[in-house]
Each structure stands twice: as structure tokens, then as C-alpha cells.
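Letters A, B, ... mirror the listed sequences (proteins, then strands); counts begin at 1.
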Protein chains: 2
Amino acid sequence: MSADIIDGKAFAEGLRARIAEAVPTFVSAKGRKPGLAVVLVGEDPASQVYVRSKGKATVAAGMESFEHKLPDTTTQEELIALVERLNADECVDGILVQLPLPKGVDDKAVIAAIDPAKDVDGFHIANAGKLAVGEEALVPCTPLGCLMLLKDRLGDLSGLDAVVVGRSNIVGKPMAQLLLQENCTVTVAHSRTRDLPGAVRRADIVVAAVGRPEMIRGDWLKPGATVIDVGINRIPAKEAGKTRLVGDVEFASARDVAGAITPVPGGVGPMTIAVLLRNTLVAAHARAGLPPPAGL
Amino acid sequence: MSADIIDGKAFAEGLRARIAEAVPTFVSAKGRKPGLAVVLVGEDPASQVYVRSKGKATVAAGMESFEHKLPDTTTQEELIALVERLNADECVDGILVQLPLPKGVDDKAVIAAIDPAKDVDGFHIANAGKLAVGEEALVPCTPLGCLMLLKDRLGDLSGLDAVVVGRSNIVGKPMAQLLLQENCTVTVAHSRTRDLPGAVRRADIVVAAVGRPEMIRGDWLKPGATVIDVGINRIPAKEAGKTRLVGDVEFASARDVAGAITPVPGGVGPMTIAVLLRNTLVAAHARAGLPPPAGL
């Protein structure tokens, strides 16, 4: 048996197309485009790439992109002052502060300063709390993207056994909340889990988000399981001096056992920016008192 | 084998004694007693009993109890106005609005009006969010009480398999978060779970919070498991016309398999008010800028 490949790239492209189709309705209603402000502090090369990609995708969807690049000497007070200006700016529907921030700047204080209604990363305490109690929330992009892939593949998730490997605030914990909302029986496993293969073997749905290359092996999987691999790890390739990207799941062996699996790259990765655009459009509608855009 | 009985009544008495010992230090530092305001709307008999017990326990611990009894014709606006006065009252460290509220009053709106720093029930979105991301939070009393009993019995919970049966916002979900913080591998099971006996059978720790009398049977348990029974269900007794209280676990059969088990009554029940007093004292210290009281 060879698992179906879950094509996150194609799904993300479809989602971005649906977002681009929904934008003009917002523009006619409000007389302006939905706007996403991205704040980048310092010169981290990976962050620069992410911010550029986000800006391009925002514009491609017909939305307004506001980029704020600050030197790595920016103080926490200066950064929070910018966030407050963006909170007050009626043209800004979403605010994303690219992490990591330079030393001496407290992530938590900066995120706490973002208006929860504009918190398109879903990292604010108020959104984490709403997700926890089952109220309408802005949900972190990566786990929401994983859920979309799962529902697209499986339909109703009710009653399925799901294991989330990893318990970060950005992926693992919100992923567990989302799967619980979908009526899965949810297990959160992590570095202290005694029998990780056993926990994985029971699961109809495996979400791997640990950041350890190829840790989860095919012989840990229940035959037919749906595997969502959030890991993106760069490891040495066979050719000297080259590298390649792998997930947290050993793809070659997993493919022989799973029913469906996301590849790395091209699985979960492309979903994150697409969901960011979706969250921005949803936030724009909510702020404007409009009903949420359909089908997103 | 017969399981050890986890004496929640005795543990709660000990906790209340430690709280009463800590109160005078606060009084000397601040020149006033820690204060808990309890708001009761309407005439629900069970609620009246709870509120009376809370008031008595608060005074017995050396703290100030403020009781606000409102008629069931109270509007949401009037109730929120009272909450706002209590938020502004420097002598009030904790605010508890007794649920359920009369029809036409939105629980969520009322709870959202409580200053999160005074939210000793831990029901505010901000506290749920802090708990979810692992920040210092005021945590709902019943699950925190369950955790105290577990740590008292087992010490370090790291690596243990825990199952939480039930996923309410008041018990199941915060319980799962607390056990995850203690490095348990945590499974949340519920009415849609396909193989509940199987999920329970794997667990070193079982927390039952479903509100279904004696649903979890002894032969579902892993031998030696620690069982925390949150359920309090009134069922007909053998004698005609009489009733008795049972938990969500079938005590007689569970006792033969478990390593330790909380009885009903006398297990988790007495912990809830003790933890409410603990949360009030902790909130008082935090609001006053004092370090948290030790050993609570």
C-alpha cells in the first residue's frame, strides 16, 4: 500500500483563490481593501524571507500590505508604541509581529499589546482563551491549516483517535483544542511520553510537531492513518555539502503504512500563509460588523 | 487488593488551615483582610447553599466575605454594573458570580466583565488563555483541587498516562491543561469517544468528570491506577423514597482495581471551596504586589 499524498500546496492555492474571490465583496461594502500589517524587527534572514512572502501573498489576494521594518536596536517601548498605532489604524485589520524578536524585547508583552480583534496569528491570550473555551477566536495559522487538510481528507472527524506529538503554544496545544472541538478523542504526547510509538500506533490521525527530523517511523503508525507532518527540518543530503528538508515523520517508511500523508515540503508549509490571509479577511469582516466570508 | 482512599476532606481541611495561617501575614502587610465577594442572583436552593458555605469558609479562614444577593429580575446591565463596582473596590480581591444565572442574563458577558486579576473562579477568557499558554493564571477551583490531590498522592506526575473523561470548560479542559503542564501524556475522552474502556485502561491517572452516575467501572481500570472522581450524582437508594450520592466511577468495583481513589462524597467535593479560598489569597497577594503565599 502506498499512502495518498495530501497536496497542501494545491489546497493552499485553492484557499488563496477563494480568498481573492471574496475580497471584492468586502471592498464594495467598506470602500477599502482589508489590510495586514507585518512588523519585522532586525535583520534575521529567515524572517526577512517570511515577511517578503507574506507581503507578496497579501497583495496577490487583493489586500493591502503594510510592512514596518525596524532596526534591531528598537526598544520594547518603541515596538509597543508602533503596535498601538496599528491598533488605532482603521485600515489595518490584521497585525503580525514576526518572531523571534531581538534580545531584551519581551515577546509576551508585545503580543499582549496587539488588539485581539487584529491578532491574526492567534497568539494573544484572549484568543488562546476563546479557543480553549470554544468561543469564536482567531486561531494560530499552522494548526488551523492542518485542520483544514484533515477535514478535506476525512470529512467528519468525530470519534476519531488523534494524537498530537508536541505541545508548543503555536502548534501542538491549539491543534489539540481544534481536534477536540471536532469531537476527536485527543492525546497530547511529547518528550516526556513513555511510549510514544504506542500512542502513535493507536491514532487514526497523527499530527507531528516536534521539530525532530524523521523521528516518527512508519512502523509506529496504524495502517491507514492520516499523517500531518508539521516539521520542517534541514539535514545533510547524500551529496557532500548539500542539505535537504525533511519532516518529523520518516516519509519513506510512513508512506507504506499511512492512508494519507503530507509531504515535506509541499504539505503543511504552504498552508500557513494562506490561513494568515484567511484570518486577515475574517478579522476584517468581524471588525466591520459583516458576516464572516463563506467557505473559508 | 483494596485501593487507598484519598481523603479529600482531610486534605481540604489541611489546606484551609494553611490558608488561615497565611492570612495574618497579609493583614499585617496591607492593614486589611483579603476579601471575597460572592454574587448570587435569584433563589436557586442549591446555589443558596453553596453561597452560604463559601461565605462561612471565607470568614473561618480569617478573610472578609461580601455577599451580594440580587432578585432574579436583575438585568444583565445591573449585574455587570455591580461587577464593575466590585472590580473598583480595593477591599475586594476575588469576585465569584454564582452560576447558573437567570434566563436572559448571558453568563459569558458577566464573566467577561470581571477583572481577570479578581477572577478566582478562573472562568475569564484571559485566565483560560494564560493557562493554555502556560502563564501564571487563576485556575478553576475543582481541577486545581484534583491536581493537588494527585500530586499529594503521586509526587512527580511526569511521564504518567492520564485520561480526563469529560471536556467541560469548568473541569475537563482545564484539568487536561494542568496535567499537561505536569508533563503527563494526556488524553481527553468524552461522549464521542469510541473505546472509552480502552482509553481508561491505559491510564495511570483517571479523572472522571462527566456527570453520569457510576459510568466508569472497575474492570475498565489499569491495576494500581489513581482515580479522581469529580462526579456528584444523586440516585435512588435501596430504601424506597431515599437517595444517595455516587460519583462517575463505580466505587465498589473500582476499589478492587485502583491503587487509590477519591470517595463520593468526601473526595474532590471539599477541595473546591478550599481552592477558592486559596485563589482568593493568591489574588490578594498578586494585586498587592506581594510574593505568592508559600505552600499553597
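- The candidate with the highest count of non-hydrogen atom pairs below 4.5 Å against chain A, out of K108(B), K130(B), E135(B), R194(B), is R194(B).
- Between chain B and the options I170(A), N127(A), N183(A), L160(A), the largest number of non-hydrogen pairs under 4.5 Å is found for N183(A).
- For the pairing with T187(B), the side chain to side chain contact (heavy atoms under 4.5 Å, CB included) check across T185(A), V163(A), V186(A) returns one residue only, T185(A).
- In terms of modelled atom types and a separation under 3.5 Å, the side chain of K173(B) and the main chain of A132(A) share a donor-acceptor contact.
- N169(B) places a side-chain N or O within donor-acceptor distance of the main-chain N or O of V133(A), the cut-off being under 3.5 Å.
- Q181(A) contributes atom CD, which lies 9.5 Å from atom CZ of R167(B) (distance to the nearest 0.5 angstrom).
- Among all heavy-atom pairs drawn from S158(B) and R192(A), the shortest one is OG-NH1, 2.7 Å.
- Chosen from C184(B), S191(B), A189(B), G134(B), the residue pairing most often with chain A at heavy-atom distances under 4.5 Å is C184(B).
- In this structure, CG on D161(A) lies 8.0 Å from CG on D195(B), to the nearest 0.5 angstrom.
- With sequence neighbours left out, the side-chain hydrogen bond (donor to acceptor under 3.5 Å, both in side chains) criterion links N233(A) to D248(A).
- The salt bridge (charged side-chain N to carboxylate O under 4.0 Å, His left out) pairs that include a residue from residues 147-160 of chain A are D4(A)-R153(A), K151(A)-E182(A), where partners are two or more places apart or lie in different chains.
- When atom types are taken as modelled, the side chain of H190(B) and the backbone of L180(A) share no donor-acceptor pair closer than 3.5 angstrom.
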